[in-house]
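To start, the structure itself, in structure tokens.
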Amino acid sequence: MYDWIRLYDLRYQSCHGALPHEHVIPQEFRVDIEIGLDTRQAAAHDALELTVNYAEVVNRVSTIMQGPPINLIETIAQRIADVVLTFPYVGKVGVRVKKMMPPVSSVMGYAEVEIWRDA
């Protein structure tokens, strides 16, 4: 059984996508992360070092999102999951990556991939 730390609607202007122009023209991406862990010890001791510092999670996700171009949102989601799972105490992570207004032939709000990974 897990407790959950949820980080919703992180927003980035990034150059990711499978088309050549997407590697040079920034687009809006949004990221949601759900981190499964046991928070009882952190709560009992009121100690940040016994839980996940979500500010550090955001810093590491920002490094991925602002980094070199990635073709697939599936790859972005996996890289984020891999980074989150390196934090102590994390047992499970869910990641959603939304590409707002993707380049398709119809009006579309966003394309999204959601993955769940265990430690």
Side-chain angles (χ1 to χ4, degrees):
M1 178 177 276
Y2 293 110
D3 303 317
W4 296 95
I5 295 175
R6 294 185 172 98
L7 309 174
Y8 288 139
D9 209 24
L10 285 77
R11 297 178 184 204
Y12 300 96
Q13 291 292 320
S14 301
C15 293
H16 302 300
L19 302 175
H21 73 274
E22 294 180 294
H23 287 204
V24 293
I25 300 171
Q27 302 172 78
E28 182 179 0
F29 290 83
R30 297 184 185 185
V31 176
D32 300 328
I33 304 166
E34 299 186 38
I35 304 167
L37 70 161
D38 185 341
T39 63
R40 288 178 287 191
Q41 288 299 315
H45 298 285
D46 195 27
L48 181 59
E49 64 273 8
L50 296 176
T51 188
V52 173
N53 181 337
Y54 54 81
E56 183 57 32
V57 171
V58 171
N59 287 339
R60 292 190 195 177
V61 170
S62 295
T63 297
I64 294 167
M65 294 305 298
Q66 302 300 334
I70 298 169
N71 290 332
L72 302 177
I73 59 176
E74 292 90 333
T75 304
I76 296 170
Q78 184 63 55
R79 289 185 185 175
I80 291 170
D82 290 343
V83 163
V84 173
L85 288 170
T86 66
F87 284 85
Y89 309 109
V90 174
K92 188 173 188 79
V93 64
V95 178
R96 278 179 296 285
V97 177
K98 299 174 189 170
K99 183 175 191 174
M100 309 308 290
M101 297 178 15
V104 296
S105 63
S106 183
V107 176
M108 182 172 159
Y110 59 86
E112 175 183 83
V113 65
E114 177 176 340
I115 66 170
W116 289 88
R117 300 293 185 262
D118 295 307

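Note that the structure is a prediction, hence the values are computed from the model and not measured.
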For the pair Asp32 and Leu10, evaluate side-chain contact (heavy atoms from CB on, under 4.5 Å) and give the outcome as yes or no after the intermediate values.
-> CA-CA 7 Å; Asp32 300 328; Leu10 285 77; 5.8 Å; no
On a heavy-atom basis, the closest approach of Pro102 and Gly109 is CD-O, 4.5 Å
Report whether Trp116 and Leu37 are members of the same hydrophobic cluster (ILVMFWY, side-chain heavy atoms less than 4.5 Å apart, transitive linking).
-> no
Check for a donor-acceptor pair, side chain of Asp3 on one end and backbone N or O of Thr39 on the other, with a separation under 3.5 Å.
-> yes
Scanning both residues in full, the closest heavy-atom pair of Ala77 with Val113 reads CB-CG1, 4.0 Å
Spacing of CD belonging to Gln78 relative to CZ belonging to Arg117, to within rounding of 0.5 Å = 4.5 Å
May I ask you to check whether over 12 heavy atoms, not counting those of Tyr54, lie within 6.0 Å of atom OH?
-> no
Are the side chains of Val24 and Cys15 in touch, meaning some heavy atoms are under 4.5 Å apart?
-> no
With sequence neighbours left out, write down each residue that passes side-chain hydrogen bond (donor to acceptor under 3.5 Å, both in side chains) with Arg79, or none if nothing qualifies.
-> none
Where the side chain of Thr75 meets the backbone of Asn71, is there a donor-acceptor pair that is under 3.5 Å apart?
-> no
Residue list, salt bridge (Lys or Arg N to Asp or Glu O under 4.0 Å) with Asp82, at least two apart or on another chain | none
Rounded to the nearest 0.5 Å, the CD1 atom of Ile115 sits from the CD1 atom of Ile76 at a distance of 11.0 Å
Measure the spacing between CE of Met1 and CG of Asp38 and express it to the nearest 0.5 Å.
-> 10.5 Å
Flag, side chain of His23 to backbone of Gly17, donor-acceptor distance under 3.5 Å | yes
Could you go through the side-chain contact (heavy atoms from CB on, under 4.5 Å) check for Val57 and Val61 one step at a time?
-> CA-CA 6 Å; Val57 171; Val61 170; 4.2 Å; yes
Val95 pairs by side-chain contact (heavy atoms from CB on, under 4.5 Å) with which of Ile35, Ile80, Ile73?
-> Ile80
Tell me yes or no: between the side chains of Gln27 and Glu22, is some donor less than 3.5 Å from an acceptor?
-> yes
Residues, nucleotides or ligands: over 12 heavy atoms within 6.0 Å of Asp46 CG = no
Does the side chain of Val97 come within less than 4.5 Å of Phe29's, by heavy atoms?
-> yes
In terms of heavy-atom contacts, does CE of Met100 have more than 12 from other residues, nucleotides or ligands at under 6.0 Å?
-> yes
Do Val58 and Val31 belong together in a cluster built from hydrophobic side chains that touch within less than 4.5 Å?
-> yes
Determine, stepwise, if the pair Arg60 / Thr86 fulfils side-chain contact (heavy atoms from CB on, under 4.5 Å).
-> CA-CA 11 Å; Arg60 292 190 195 177; Thr86 66; 3.3 Å; yes
Cation-pi, Tyr110 ring and Lys98 (6.0 angstrom, 45 degrees) = yes
OH-CD1 distance between Tyr12 and Ile64, expressed to the nearest 0.5 angstrom = 9.0 Å
State whether a side-chain donor-acceptor pair under 3.5 Å links Tyr89 with Thr51.
-> no
Just by distance, do the side chain of His16 and the backbone of Met65 share a donor-acceptor pair under 3.5 Å?
-> yes
Heavy atoms only: give me the nearest Val104-Met108 pair and the separation to one decimal.
-> CG2-SD, 3.8 Å
Could you grab the distance from atom CD of Glu34 to atom CD1 of Ile5, nearest 0.5 Å is fine?
-> 11.5 Å
Side-chain ion pair, Arg11 and Asp9, N-O less than 4.0 Å = yes
Check against side-chain contact (heavy atoms from CB on, under 4.5 Å), Tyr8 and Arg96 = CA-CA 9 Å; Tyr8 288 139; Arg96 278 179 296 285; 3.3 Å; yes
Supply the atom-to-atom distance Gln66 CD to Gln13 CD, rounded to the nearest 0.5 angstrom.
-> 9.0 Å
